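Here is the structure we will look at.
Values in this document were obtained by computation on a predicted structure and should not be read as measured data. The figures here come from the full heavy-atom set of this structure, side chains too, leaving out hydrogens, waters and symmetry mates.
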Amino acid sequence: MKMKLSRYIDHTLLAPQATAAQIVQLCHEAREHDFFSVCVNPARVKQAKSALVDSTVKVCTVIGFPLGADTSTTKAFAAVDAIASGADELDMVMNIGLAKDGNWAAVQADIAAVVQAVAGRALVKVILETCLLTEDEIRHACTAAVQAGADFVKTSTGFSGSGATVGAVRLMRACVGPNFGVKASGGIRTPADFQAMLAAGANRIGASAGIKLLSDSV
């Protein structure tokens with residue numbers, strides 16, 4: 001049975017100026033449209049969890065966001081704290097500087113620190129920030145995420161030079177194979193964008209324009 005298009009979407013509000021009222025609205029929209037999750041900053045996790053009680057909508061938050069430059073210890077602590085607040089999924093930013101160094105063992109260890117801290121209590125997605133990486137670096141990053149025990153690779157924070165591209169999503173899917181998660185996020189604003197990312201191999205979409213993505217989708 002084909003999954004509802006709405007269930008591919010993480011309905012996202014990560015703006016630093018987001019208010020409590022906007023988080024309530026985000027959660028209301030997620031309930032109404034049956035999105036898979038809301039994705040909010042860590043300080044809003046408890047509020048979102050409360051707003052979504054008795055709902056199938058998950059709560060996702062971000063770790064090491066948006067730079068990925070926190071220490072592994074800090075990321076692991078933040079992951080545990082987020083779970084204690086009610087997070088079901090964690091989108092952690094890879095250490096991009098280590099990736100640019102070519103220190104893939106350290107990149108993998110950084111991801112593994114979060115995965116091990118979570119200990120299966122939440123799903124872990126690894127944000128690669130593909131706009132800052134070469135194709136070869138994307139391949140290495142995908143391998144590091146898989147080997148570290150994460151659940152997904154994700155294109156972008158939405159806070160860097162550009163967001164998801166069809167090419168990056170297609171490459172990520174080819175690298176991780178058919179059974180690993182691929183999340184496209186950043187700049188996905190139209191139904192056509194949505195369909196293109198799904199066709200390229202994404203099985204989750206992060207977007208602040210979740211309702212608009214469904215407006216003309218079939």
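- Hydrophobic clustering (side-chain heavy atoms under 4.5 Å, transitive across Ile, Leu, Val, Met, Phe, Trp, Tyr) keeps V80 apart from F65.
- Here the side chain of R173 pairs a donor or acceptor atom with the backbone of G177 at under 3.5 angstrom.
- Contact check for I211 versus H33: side-chain heavy atoms found under the 4.5 Å cut-off.
- More than 12 heavy atoms of other residues, nucleotides or ligands sit less than 6.0 Å from atom CZ of F180.
- Shown here for A99 and L133, the closest heavy-atom pair between the two residues is CB-CD2, 4.4 Å.
- Remark: side-chain polar atoms of K100 are not paired, donor with acceptor, to backbone N or O of E137 under 3.5 angstrom.
- Side-chain atoms of N95 come within 3.5 Å of backbone N or O of L98 as a donor-acceptor pair.
- Between K75 and M94, the shortest heavy-atom contact is NZ-C, 3.9 Å.
- For T19, the side chain to side chain contact (heavy atoms under 4.5 Å, CB included) partners two or more places apart in sequence, or in a different chain, are A21, Q22.
- Nearest heavy atoms, A79 versus V118: CB-CG2, 4.1 Å.
- Listed for the S85 side chain is a donor-acceptor partner under 3.5 Å among the backbone atoms of D81.
- Side-chain contact between V166 and R170 is present, with heavy atoms from C-beta onward closer than 4.5 Å.
- Taking CZ of F35 as the reference point, atom CD1 of I9 lies at 4.5 Å (rounded to 0.5 Å).
- Of the possible polar contacts, none joining the D151 side chain to the L123 backbone as a donor-acceptor pair under 3.5 Å is found.
- A continuous path of hydrophobic side-chain contacts links L90 to F159 [ILVMFWY only; heavy atoms under 4.5 Å].
- For the side chain to side chain donor-acceptor pair (under 3.5 Å) condition, the pairs that include at least one residue of residues 48-69, sequence neighbours left out, are K49-D88.
- Counting only distance, with no hydrogens or angles, the side chain of R121 and the backbone of A84 share no donor-acceptor pair below 3.5 Å.
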- prompt: Run the side chain to side chain contact (heavy atoms under 4.5 Å, CB included) check on V182 and R204 step by step: do they pass?
  reply: CA-CA 6 Å; V182 174; R204 194 78 68 84; over 6 Å; no
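- Evaluation of the salt bridge (charged side-chain N to carboxylate O under 4.0 Å, His left out) rule for E29 yields no partner, not counting sequence neighbours.
- Between I111 and A148, the closest heavy-atom pair is CG2-CB, 3.6 Å.
- Contact detail for D110 and V93: the closest heavy-atom pair is OD2-O, 4.4 Å.
- Residue pairs meeting the ring-ring contact (aromatic ring centres under 6.0 Å, His included) criterion with at least one member in residues 108-154, sequence neighbours excluded: W104-H140.
- Once rounded to the nearest 0.5 Å, the distance linking CD1 of I188 with OG1 of T155 reads 6.0 Å.
- Of all non-hydrogen atoms in G86 and V59, the two that sit nearest each other are O-CB, 4.2 Å.
- Screening residues 181-191 for side chain to side chain donor-acceptor pair (under 3.5 Å), with sequence neighbours left out, gives D10-K183, D91-K183, T190-D193.
- A donor-acceptor contact shorter than 3.5 Å is absent between the side chain of S208 and the backbone of T12.
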Criterion side chain to side chain contact (heavy atoms under 4.5 Å, CB included) on V146 and C142, from CA distance to verdict: CA-CA 6 Å; V146 171; C142 287; 5.5 Å; no
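- Within the model, atoms CG of L13 and CZ of R44 stand 9.0 Å from one another, a figure rounded to the nearest 0.5 Å.
- F77 and V62 end up in different hydrophobic clusters when Ile, Leu, Val, Met, Phe, Trp and Tyr side chains are linked at under 4.5 Å.
- Between L67 and I96, every side-chain heavy-atom pair lies at or beyond the 4.5 Å cut-off.
- In terms of modelled atom types and a separation under 3.5 Å, the side chain of S37 and the main chain of V57 share no donor-acceptor contact.
- Put simply, NZ on K154 and CE on M92 are 12.0 Å apart, with the number rounded to the nearest 0.5 Å.
- Note on L198: it clusters hydrophobically with M3, by side-chain heavy-atom contacts below 4.5 Å among ILVMFWY residues.
- With S160 contributing its side chain and S156 its backbone, the two residues share no donor-acceptor pair below 3.5 Å.
- How far CD of E135 is from OG1 of T130: 10.5 Å, rounded to the nearest 0.5 Å.
- The hydrophobic cluster containing L213 does not contain L26, counting ILVMFWY residues as joined when their side-chain heavy atoms lie under 4.5 angstrom apart, directly or transitively.
- Taken from CG in L5 to CG in D34, the straight-line distance is 11.5 Å, to the nearest 0.5 Å.
- Residues R31 and L52 have side chains in contact (heavy-atom distance under 4.5 Å, counting atoms from C-beta outward).
- Residues passing the salt bridge (charged side-chain N to carboxylate O under 4.0 Å, His left out) test with E129, sequence neighbours excluded: none.
- Q47 contributes a side-chain N or O that, together with a main-chain N or O of A20, makes up a donor-acceptor pair within less than 3.5 Å.
- Annotation: side chain of F36 is in contact with side chain of E89 (closest heavy-atom distance under 4.5 Å).
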